[in-house]
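This report refers to the structure that appears directly beneath it.
The structure presented is a predicted model; accordingly, all values stated were derived computationally and were not measured. Whatever order the structure lists them in is the order used to number ligands and atoms, beginning at 1.
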Amino acid sequence: MKRPDVDVLIAGGGLAAQRCCETLRRLGFDGRIVVLCAESCAPYDRPPLSKSMLTDAREPQKLAFRSGEWYAAHGVELLLGIAARELDLAAHTVALQARRGASRGGTLSYRQLVIATGSRPRRLPALPIGGVVHELRTHADAQALRAALRAGHGRLAVLGAGLVGMEVASSARTLGLDVTLIEATSTPLARALPPALGHWLASVHRAHAIDVHLATTVDRAVLRGSGARLELSDGTAVGAGTVLVAAGTSPATEWLASSGLGAGPIPTDAGGRTRFPGVYAAGDAACFPDPYLDERIPSQHWEAAARQGAAVARAIVGLAPVQPSPSMFWSDQHGHRIQFVGHTPPDCEIEFDRDPAHDGSFAAWITRDQRPAAALLVDRPDALPRARQWIAGAHARAVADPRAVADPRANDARRAA
Ligand code: FAD
């Protein structure tokens with residue numbers, strides 16, 4: 001058989017791709033690595049796009065994980081502005097599509113393929129992107145949104161109280177804009193947080209003068225060149241100069257539809273292997289098994305994408321994956337560092353170490369039948385390792401006493417004894 005063009009072909013140039021190629025080189029892998037980056041820049045960090053990139057007066061800081069020199073020095077070839085268009089599993093080839101004036105098309109054959117194409121924002125038919133209507137996934141999206149917010153054309157309406165929607169709402173308040181936040185479910189971050197904690201988060205936004213509409217959808221949108229009028233299902237109408245659609249994401253895997261892998265998040269094992277030999281997936285495009293849930297779930301958060309990119313590299317060189325900590329995401333809103341670890345079970349109980357209504361920082365320990373399941377930490381980064389241990393320990397069927405662990409004073413006392 002003809003030698004393939006590339007030893008490891010990584011489709012997608014984001015966090016998972018970066019961690020995969022970096023880990024491969026660190027582990028001594030010396031084959032040819034090529035990364036297909038649909039965007040015309042090297043892999044960069046997305047969390048600042050909804051935070052400092054919108055609020056900082058200075059020009060957007062450089063977000064790239066690594067410099068061009070790093071890729072050259074480590075023999076990692078980045079094909080910028082080149083997307084993966086189609087996968088042929090039998091032939092081991094990926095058809096390429098040049099974007100934004102890049103000249104290269106054609107196909108590349110691979111020995112191992114890593115699918116790391118991430119996800120993209122869901123769109124709403126009534127609010128097509130363009131003009132005053134924005135979405136936020138890429139650096140270019142953030143630049144356009146930043147320009148609109150800084151032009152101060154009136155109220156910002158945000159559709160969707162997920163991480164990105166709430167962070168942009170918070171950033172816009174920092175810039176002094178009036179903000180309306182519209183969410184279809186009855187609490188923010190409803191898939192991650194128990195309702196009581198979702199209500200707490202909504203109250204933080206209201207305390208910062210954000211007009212929050214929960215369990216509300218847009219019935220009708222009238223778009224004009226200078227703004228939008230949104231008629232909401234709760235009977236109110238919002239006039240906005242800028243609209244952000246932040247209604248969740250879906251995996252960017254449509255280019256795989258004809259391959260047999262199917263569209264949607266790609267199921268893998270703990271090393272990122274798909275059911276096809278030599279084909280791996282990582283990051284927002286993948287669906288890894290979560291050992292703490294005994295099921296596969298798509299994660300769509302930074303920590304998982306980084307960990308999964310590294311896990312794929314280990315699998316490629318024949319190493320077992322590192323046992324993951326309980327999954328975690330963070331968010332920065334209204335000056336609070338919010339961290340969430342684990343998964344909220346149905347019918348859970350919550351124990352607070354301080355009163356969230358009165359204290360700025362607190363930890364909320366989430367259990368079901370006294371078994372640790374998740375924790376929300378607000379301005380308590382010091383408690384993160386303990387929260388992870390608390391959940392991991394319970395999973396390992398160690399004897400866990402949620403009260404002792406939830407109370408930092410109990411821990412301190414134990415340390416002093
Ligand atoms: P991505 O980073 O999306 O990278 C995928 C890359 O592949 C993209 O560059 C894309 O253009 C490219 N691509 C897509 N299709 C193709 C194709 N066919 N061919 C070639 N390339 C392709 N997580 C947190 O935990 N905390 C946060 O505070 C947080 N803030 C965020 C703020 C914003 C604005 C966004 C957008 C995300 C945030 N996240 C946060 C989520 C986190 O950034 C993602 O989970 C992470 O970036 C996923 O990494 P990835 O490599 O899977 O995908």
For atom 47 (O) of ligand 1, the option (of R46, H301, R19) bearing the nearest heavy atom: R46
M328 near ligand 1 by a heavy-atom separation under 4.0 Å: no
Under-4.0 Å heavy-atom contact with ligand 1, by part of A116 that carries it: backbone
Six-ring centre of F352, R354 cation under 6.0 angstrom, axis tolerance 45°: no
4.0 Å heavy-atom contact, R120 with ligand 1: yes
Where ligand 1 meets L36 - atom numbers and elements under 4.0 angstrom, heavy-atom basis: 20 (C), 21 (N)
With A282 via side chain to side chain contact (heavy atoms under 4.5 Å, CB included) - residues at least two apart: A16, Q308, V312
W330, F340, W302, F329: member with heavy atom nearest to atom 27 (C) of ligand 1: W330
S259 and E86 side chains, donor-acceptor separation under 3.5 Å: no
Option set P43, C20, G118, S119, criterion heavy-atom distance to atom 53 (O) of ligand 1, minimum: G118
Contact summary for C37 and L78, nearest pair of heavy atoms: SG-CD2, 4.2 Å
V94, D332, V164: member with heavy atom nearest to atom 33 (C) of ligand 1: V164
Side chain, backbone, both or neither: the part of A305 lying under 4.0 Å from ligand 1 by heavy atom: side chain
Heavy-atom gap K51 to ligand 1 smaller than 4.0 Å: yes
Closest protein heavy atom (residue, atom, distance) for atom 3 (O) of ligand 1: R137 NH2, 2.7 Å
